[in-house]
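To start, the structure under review is shown below, and the notes come after it.
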Amino acid sequence: MTTTFPMSASPPKPRPGLHEASRREKLAKIAEMGIDPWGGRFDDRTPIGDIRAMANQVAYHLEDGTKLPIPPEVGQPDFSLKEWKAQQGQGELVGPRVRAAGRIVLQRRTGKLIFVNLRDWTGEIQLFIGKKQVGESDFELAKLFDLGDLIGVDGMLAYTNTGELTIFAEKLHFHAKSLQPPPEKHHGLHDAELRQRLRYLDLFYTEGVLERFRKRTRIVQSIRRTLDNQGYCEVEGPTLHAIAGGAAARPFITHHNALDLDLYMRIALELHLKRLLVGGMERVYELGRVYRNEGISPRHNPEFTMLEVYQAYGDYRTMMELTEQILVDAIEALGGQYQIPWGESTIDFTPPFARRTYDELLAEHAQVDPSDPVAVSTVARSLGFEPEGKHPDVVKNFVFEEHVEDRLKGPIFVIDYPASICPLTRRKRDNPAIAERFELFIEGMEIANAYTELNDPDLQEELFRTQLAGLPEEESMAKMDHDFIRALQHGMPPAGGLGIGIDRLVMLLTGARSIREVILFPLLRPETPRPGGSGTSATSEGGAERVDVQEEQKPPSS
RNA sequence: GAGGGCGUAGCUCAGUCGGUAGAGCAACGGACUUUUAAUCCGUAGGUCCUGGGUUCGAGUCCCAGCGCUCUCACCA
């Protein structure tokens with residue numbers, strides 16, 4: 001052990017926390033009792049949520065053999081179970097025998113009696129640990145419990161006099177010692193930085209966090225199920241790209257040593273999925289991580305999860321139906337609540353979602369005639385945008401982004417985009433000025449983006465070139481993907497393509513206002529241990545730990 | 001990348017006008033066999049993010065840096 005116990009005249013050296021010292025002391029005592037403080041396999045336990053559901057099996061057994069059910073008002077403040085029992089006559093509460101395991105989140109010690117609140121990921125329940133009931137040895141063990149310890153219990157489910165559903169312990173087990181104190185017991189972790197850096201504590205102790213991430217899992221499972229049921233094939237494309245294509249974003253650069261080759265982390269899934277369309281995968285999708293070397297904000301994390309779907313012989317309308325199906329199924333998977341609270345307001349996901357044209361929305365929200373370029377320019381100028389020399393559709397799109405997008409509470413499909421602002425999209429056959437594209441907006445956020453994909457290799461190559469020519473210096477790392485053009489030259493079926501930002505969808509479906517609430521480990525600057533060993537609460541905790549390890553390892557190795 | 005806010009005990013937070021660093025929880029010692037944020041008595045716990053500066057004196061004022069956060073920009 002590297003820790004020293006506090007002594008009367010100890011020098012003002014930085015010492016390990018008092019909490020850790022006392023916890024290590026208890027750890028040693030548990031080991032001395034012949035109990036492995038790090039536990040082991042523990043079969044046949046019942047999740048605490050299920051145990052709570054067994055409350056109706058608890059009964060009051062009178063001496064004459066009659067078994068009375070517990071009144072339903074048990075646990076309510078104005079109901080005394082003690083009085084009720086006295087009225088019924090002599091007897092005892094009998095309930096099912098159960099085995100539970102979990103973390104100690106609350107403890108109340110009253111002499112020869114200890115109450116413990118035990119929590120697992122299904123719920124929380126109180127344990128009654130009486131010296132007489134569990135015996136000397138187990139009671140000594142219970143006295144060594146700290147908040148945060150992982151323990152197990154065998155006992156009988158019943159009620160205390162105050163009507164609290166309780167496991168009356170008969171046998172205790174020890175599974176792991178918590179050497180660090182948990183967060184404050186009724187405020188939890190509030191510091192946003194600590195919540196992200198110590199996500200394990202945030203998950204366990206902050207209300208709703210674990211539940212939100214389990215919802216994320218259910219949403220992702222549901223999306224896969226929807227696609228799989230429609231015959232889509234899930235694939236895993238490469239994340240290391242020689243050419244970062246498929247989107248306009250700055251990539252992360254990495255390096256392969258053996259090949260002495262700079263590579264890019266992928267910024268999109270698109271180009272490889274389309275190669276698979278050429279290869280005959282007629283319905284294909286990938287649900288995976290992409291990486292963009294851009295700013296960080298409540299809506300942006302450098303790595304995030306995208307879904308991209310392609311269907312041969314489909315178009316953007318096919319993808320619109322699919323998008324709605326994906327969302328509806330996800331909501332069903334979360335329990336079918338179509339009205340989801342979002343800040344002060346509520347999002348109504350009841351299908352069908354509204355479908356409105358770009359121009360209609362422009363007229364409605366920006367109060368401008370979209371067919372009148374002069375009027376549109378006037379509005380753009382009033383927003384501080386200089387329309388001179390710009391393509392009329394670019395000016396129009398500026399007004400759309402400024403005036404319309406934020407007001408699209410949705411869910412709403414925006415259709416009929418001007419073709420000139422989406423160069424990589426097929427145009428309408430009867431109106432080449434309009435692109436076959438939709439975007440799904442919810443609460444001003446772009447959630448989905450879909451196209452009728454371009455499969456003309458010559459046109460694609462030409463558009464690539466004009467796009468590359470217009471890029472600023474720092475994005476010139478983008479390159480022409482000749483192999484992708486070659487793939488198209490072999491014939492890609494006409495197809496509908498769809499992209500959905502999974503993190504943002506999860507935000508909306510779980511009411512999270514920041515993307516960092518739906519990403520388990522969002523990117524943070526690394527903690528920097530200070531030379532003095534102490535610093536902010538976060539760094540001192542991590543830093544001290546590392547120092548201890550090094551000190552422990554040095555003597556044996558030298 | 002630009003601007004604003006924040007950083008005090010393990011955690012949650014006070015700290016007045018610049019004048020010896022505070023509380024609750026957690027910890028340690030003691031009392032208590034039906035408690036519910038248990039209660040009661042006692043004890044210990046601090047590089048006030050870091051580094052400069054102003055001042056007789058800085059947690060407090062000024063400058064720089066670090067971290068987080070909000071708004072904006074880029075972007076999905």
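Lettering follows sequence order; numbering is per chain, from 1. Heavy atoms only: backbone and side chains are in, while hydrogens, waters and symmetry mates are out. All values reported here derive from a predicted model rather than from experimental measurement.
A cation-pi geometry, defined here as NZ or CZ lying under 6.0 Å from the six-membered ring centre and within 45° of its normal, holds between A:R103 and A:F204.
Distances shown here put every side-chain N or O of A:K112 at or beyond 4.0 Å from the OP1 or OP2 atom of B:U35. One finds a side-chain N or O of A:R516 lying less than 4.0 angstrom from the OP1 or OP2 phosphate oxygen of B:U69. Regarding contacts with the backbone of B:C68, a side-chain N or O of A:R525 is found under 4.0 angstrom from either OP1 or OP2. Residue A:R108 places none of its side-chain N or O atoms closer than 4.0 Å to OP1 or OP2 of B:U35. Taking only side-chain nitrogens and oxygens, A:K85 never comes nearer than 4.0 Å to OP1 or OP2 of B:U34.
Nearest-nucleotide positions on RNA chain B for A:D191 and A:G501 put A:D191 closer to the 5' end. When the nearest nucleotides of RNA chain B are assigned to A:E164 and A:I296 by heavy-atom distance, the more 5′-ward of the two goes with A:E164.
Distance from the side chain of A:A192 is smallest to B:U69 among B:U12, B:A26, B:U69. Listed candidates were B:A76, B:A27, B:C68. Nearest to the side chain of A:R292 is B:A76. Checking B:C68, B:U33, B:G10 against every side-chain atom of A:T110, the shortest atom distance belongs to B:U33. Checking B:C11, B:A73, B:A27 against every side-chain atom of A:S22, the shortest atom distance belongs to B:A27.
Applying the side-chain hydrogen bond (donor to acceptor under 3.5 Å, both in side chains) test to every pair with at least one member in residues 404-413 of chain A, sequence neighbours left out, gives these pairs: A:H403-A:R407.
If you take atom C1' in B:G22 and the same atom in B:G53, they sit 28 Å apart, rounded to whole Å.
Donor-acceptor pairing under 3.5 Å, judged by distance alone, is present between the side chain of A:Q126 and the base of B:U35. In terms of polar N and O atoms assigned as donor or acceptor, the side chain of A:T160 comes within less than 3.5 Å of the base of B:U35 in a complementary pairing.
Ring-base stacking between A:F115 and B:A38 is not satisfied when judged by a centre separation under 5.5 Å and a plane angle under 30°.
When heavy atoms are screened at a 4.0 angstrom cut-off, A:G295 is found touching base atoms of the nucleic acid.
Considering only residues two or more places apart in sequence or on other chains, A:F441 meets the ring pair (Phe, Tyr, Trp, His ring centres under 6.0 Å) condition with none of them.
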What's the verdict on salt bridge (Lys or Arg N to Asp or Glu O under 4.0 Å) for A:E193 and A:R525, showing C-alpha distance, side-chain angles and the deciding distance? CA-CA 10 Å; A:E193 177 178 359; A:R525 281 198 166 79; over 6 Å; no

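Between A:R216 and A:D503 there is a salt bridge, since a side-chain N of the basic residue sits under 4.0 Å from a carboxylate O of the acidic one.
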